[in-house]
Amino acid sequence: MEQQRILDLLGEMSLDEKINQLFQGCGSFYTEGSVATGPASEQGFSEKTILEAGSVLSVAGAETIRKIQKHHMENHPHHIPLVFMADIINGYKTIFPIPLAQGAAFNPSVAYTGAEVAAKEASTAGIHVTFSPMVDLVRDARWGRVMESTGEDPYLNSVYAKALVEGYQGDDPKKPGKLGACVKHFAGYGAPTGGRDYNNVELSERTLRDDYLPAYDAAVKAGALLVMTSFNTLNRIPSTANKWLMRDILREEMGFEGAVISDWAAIEEIKNHGLCEDKKGAAKLAMEAGTDIDMMTTCYCNYLKELIESGEISERLLDEAVLKVLELKNKLGLFENPYKDADEAAEKTIMLCAEHREKAKEAAKETFVLLENSGILPLKKEEKVAFIGPFTEEKSIIGAWSIFGEEKDVVSIKEGVDHYGANAIFAKGCDSIDPGKEMIGMGPRYACRRTKKEADAMIEEAVEVALKTDKVVLCIGEHMAQTGEAASRGDITIPKQQKKLLRAVARVNKNIVVVLFNGRPLDIRKIKELAKAILVVWMPGSEGGNAIAEVLYGETSPSGRLPMCFPYSVGQVPVFYSEFHTGRKLDYSNLDNKFQSRYLDIPNKPLYAFGYGLSYTQFAYSEVRLSNNLMEKGDELTASVTVRNTGKQKGAEVVQLYIKDDCGSVARPVRELKGFKKIWLEPGEDKEVSFKITEEMLKFHDINMDYKAEAGSFTVYIGCDSDTDNQATFNFI
Ligand code: GLC
């Protein structure tokens, strides 16, 4: 529809209609088939609000959505269509690996493909917008939502943010099979104090701008249609009420022109943060800050009219917000086609089709990270191997945000290994949840009612099985409900019963391969002590079992690298590679000197570094070659290495470029990722890998908060992970 027609429509709407256009209700107001994904705010919604609402979340299904939309259009005074939104985070029905796993692929096309498939399936089910990508930078493994992010690095997250938005939206979200993208959670949500969800966030403006904002900016520049506010405070102001964040940074500096939607109940929660006394006050603060859509509270629909009629806020602010919502619907083509891609017939064939399953399997294989391998992997198909552990048959491996995915559609390890035709025997050994425990708020399905006696008998049976084979593959990890929203953990180790199983098996069989399921980096020191190989498979999605079988048996070499380091222990957290020197950087050659930045009882370095991962082959790097040792303003350099596959199997190497600003007007990180390339090499093959180094890559917020590069020396590192010492230096003048 022409922009003028949109403006005319806005002019024709009554005050009530405009206010209700900003309300987003849960699908349960319209049908019983939806999924509640946040705290149920007290109902209090009028029938008029429901009838004149602007959008709906968490309902799916072509028939259901067509019915809701038809009824809504017939009853709305101006027949304005609803926009349907939902959390399609790593797939709709065909579930891909969780985003943290996708980050481990160090290959944005894995994310692009996953988003593309998700968009095709979800749009066919009638959904118009996904609340994705979540691009929050994460450096605290206690926080449950690290599973939704692509990791601890601003550059990696920015590359993935762009790929995800483009995967969902294509070149025009109005086109068939595309979704509008909603980037979240703006901003800084990934750094809650204590790693505790919804907690206060304390970031300096420089850290916010240098580290936390780039990925949101990348998503906005890629054309994301919406931005979602975050639950946290920043500078002690809740994002949803934070004018500086929403108007100055998001709209003015980043140039975002789309709609801003609150997170679930976040407008009302402004009151809980203590910035106002009631919902009316919350509505005022949110509207002034520029939050357009109110997800699931009565703040806007029940109090904006009073605020406008009393002159406490101007109707102009309301009109600006409503215009953003109408423009969103127009960008999705909903005025011309309110049903968009909802198609009951296509639903029956596209969901989990062979093509989508194959893509999910290939994606999963690229996300696995091999942390240890004595040479015990890859397995041989004909050798008899015992697969032991709860995750041999566990189907809850699709991640905490796969709200439309179904575990019945998941391929377990047992199914995958049997399908592969390997010579294997199996024993569960224990449940993925400790005896007598349950996942809070997740319902009876996520609980373990086994008695201690029963649980111990299972371990004994597993030990018997471990005695029958030369090798054991131990499939263990945290339950998927131990990560995700409101799932922070103070103890980031695997469940107790699984530790017991590991020890029991290790007592009778030393040839243990651990396949680790996790939604976050875990403290795996005990596992490292007892295992001869460790393959991190995260939450691998619908095709997990097939992907794991093919990698374990060497069909493909593991090629993932850690997008977030694995801490030595939770005591180190938050821990990340791009740290600072401090005034007393730990000198490992002088550990007798007490007065250095260190712990008395644990090392400074994580157990496994950012960017680390092994392959079934080995690689050798040449020294770093620079096209010049001098770089002038506006110039660029080329940095190159030659990488050789010195092993006996084809494999992938993620060649990583880091740059260190050796001296700046403020403290600079010890290094920062500025590029990466994933290359596959045959045995004996070598390849030159080059990176362009530009002035833009050297910029940061200097002592005056100006974003620019400063003259001086820079060190270039190119290697296999963030610990590489393969370096060369140049001067920027
Ligand atoms: C949740 C999450 C957010 C999600 C929203 C809608 O509370 O914080 O990521 O998109 O509600 O389900």
Side-chain angles (χ1 to χ4, degrees), residues 60 86-125 127 130 132-133 147-148 150 160 163-164 166-168 177 179 346-369 391 394-420 480 515 517-519 535-553 555-556 558-560 563 652 678:
D87 296 278
I88 313 296
I89 308 300
N90 49 303
Y92 176 67
K93 286 294 180 185
T94 305
I95 304 300
F96 278 66
I98 55 173
L100 190 59
Q102 293 187 36
F106 274 76
N107 178 0
S109 65
V110 164
Y112 181 94
T113 302
E116 201 179 36
V117 167
K120 282 181 186 159
E121 292 191 354
S123 61
T124 304
I127 294 166
T130 176
S132 176
M147 52 75 60
E148 267 179 277
T150 50
Y160 270 78
L164 286 161
E166 291 172 351
Y168 289 127
L179 288 177
E347 260 183 325
K348 295 182 175 57
T349 55
I350 192 172
M351 307 302 172
L352 289 152
C353 63
E355 179 201 342
H356 290 180
R357 277 192 175 274
E358 181 63 19
K359 286 179 175 175
K361 183 186 76 174
E362 290 308 308
K365 285 158 66 175
E366 276 213 58
T367 67
F368 300 159
V369 183
F391 286 88
E394 180 66 76
K395 289 185 176 248
S396 295
I397 56 173
I398 53 177
W401 271 108
S402 303
I403 56 178
F404 299 105
E406 295 181 78
E407 292 173 17
K408 67 175 179 61
D409 299 320
V410 168
V411 177
S412 68
I413 285 187
K414 183 173 187 312
E415 291 162 340
V417 169
D418 284 346
H419 172 71
Y420 185 72
M480 82 176 188
V515 173
F517 289 77
N518 54 304
L535 184 71
V536 172
V537 298
W538 315 99
M539 293 290 157
S542 305
E543 282 292 309
N546 285 329
I548 291 166
E550 290 187 16
V551 168
L552 285 177
Y553 286 93
E555 292 298 316
T556 313
S559 64
K678 187 171 207 175

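The first residue of the sequence shown is numbered 1, and numbering continues consecutively from there. Note: hydrogens, waters and symmetry copies are ignored here, and every other heavy atom, side chains too, is used. Note that the structure is a prediction, hence the values are computed from the model and not measured.
- Of all heavy-atom pairs between Tyr168 and Ile89, the closest is OH-O, 3.6 Å.
- Scanning for side chain to side chain contact (heavy atoms under 4.5 Å, CB included) contacts around Lys414 gives Ser412, Asp418, Phe426, with sequence neighbours left out.
- Once rounded to the nearest 0.5 Å, the distance linking OH of Tyr420 with CD1 of Ile413 reads 15.0 Å.
- Residues meeting the ring-ring contact (aromatic ring centres under 6.0 Å, His included) test with Tyr92, sequence neighbours left out: Phe404.
- Here Phe391 pairs with Phe517 under the ring-ring contact (aromatic ring centres under 6.0 Å, His included) rule; sequence neighbours left out.
- Across Ala652 and Ser559, no two heavy atoms sit closer than the pair CB-CB, 3.5 Å.
- Counting only residues at least two apart or on different chains, the salt bridge (charged side-chain N to carboxylate O under 4.0 Å, His left out) pairs with a member in residues 89-108 are Lys93-Glu406.
- For residues 104-113, there are no salt bridge (charged side-chain N to carboxylate O under 4.0 Å, His left out) pairs, not counting sequence neighbours.
- Closest approach of Gly416 to Val411, counting heavy atoms only: N-CG1, 3.7 Å.
- Of the inter-residue distances, the one linking Glu166 atom CD with Ser109 atom OG reads 12.0 Å to the nearest 0.5 angstrom.
- Under the salt bridge (charged side-chain N to carboxylate O under 4.0 Å, His left out) criterion, no residue pair touches residues 109-124, with sequence neighbours excluded.
- Distance check: Thr367 OG1 to Phe96 CZ gives 11.5 Å after rounding to the nearest 0.5 Å.
- Heavy atoms only, all atoms of each residue included: Gly91 and Ala118 are closest at CA-CB, 4.0 Å.
- Thr349 contributes a side-chain N or O that, together with a main-chain N or O of Ala346, makes up a donor-acceptor pair within less than 3.5 Å.
- In this structure Phe368 satisfies the ring-ring contact (aromatic ring centres under 6.0 Å, His included) test with no other residue, sequence neighbours excluded.
- Under a 3.5 Å cut-off, the side chain of Lys678 and the backbone N or O of Phe106 do not form any donor-acceptor pair.
- Listed by first and then second residue, the salt bridge (charged side-chain N to carboxylate O under 4.0 Å, His left out) pairs that reach into residues 542-551 are Arg357-Glu543, Lys361-Glu550, Lys365-Glu550, sequence neighbours excluded.
- Residues forming a side chain to side chain contact (heavy atoms under 4.5 Å, CB included) with Ala104 (at least two apart in sequence, or on another chain): Val369, Trp538, Pro563.
- Shown here are the side chain to side chain contact (heavy atoms under 4.5 Å, CB included) partners of Ser402, two or more places apart in sequence or in another chain: Asn90, Ile95, Ile398.
- From Ile127, atom CD1 reaches atom CD1 of Ile88 across 4.0 Å, with rounding to the nearest 0.5 Å.
- For the pair Glu355 and Lys359, the minimum side-chain heavy-atom distance is below 4.5 Å.
- Partners of Ala163 by side chain to side chain contact (heavy atoms under 4.5 Å, CB included), not counting sequence neighbours, listed by chain and number: Pro108, Tyr112.
- Contact between Met351 and Thr124 at its shortest, heavy atoms only, is CE-CB, 4.3 Å.
- Taking the side chain to side chain donor-acceptor pair (under 3.5 Å) definition, one finds that Glu407 meets it with Ser396, Arg445, Tyr446, sequence neighbours left out.
- Within the model, atoms OG1 of Thr130 and CG of Leu179 stand 6.0 Å from one another, a figure rounded to the nearest 0.5 Å.
- Separation of atoms CE (Met147) and CD1 (Ile98) is listed at 5.0 Å; rounding is to 0.5 Å.
- The heavy-atom pair separating Ala364 from Pro540 by the smallest distance is CB-O, 3.7 Å.
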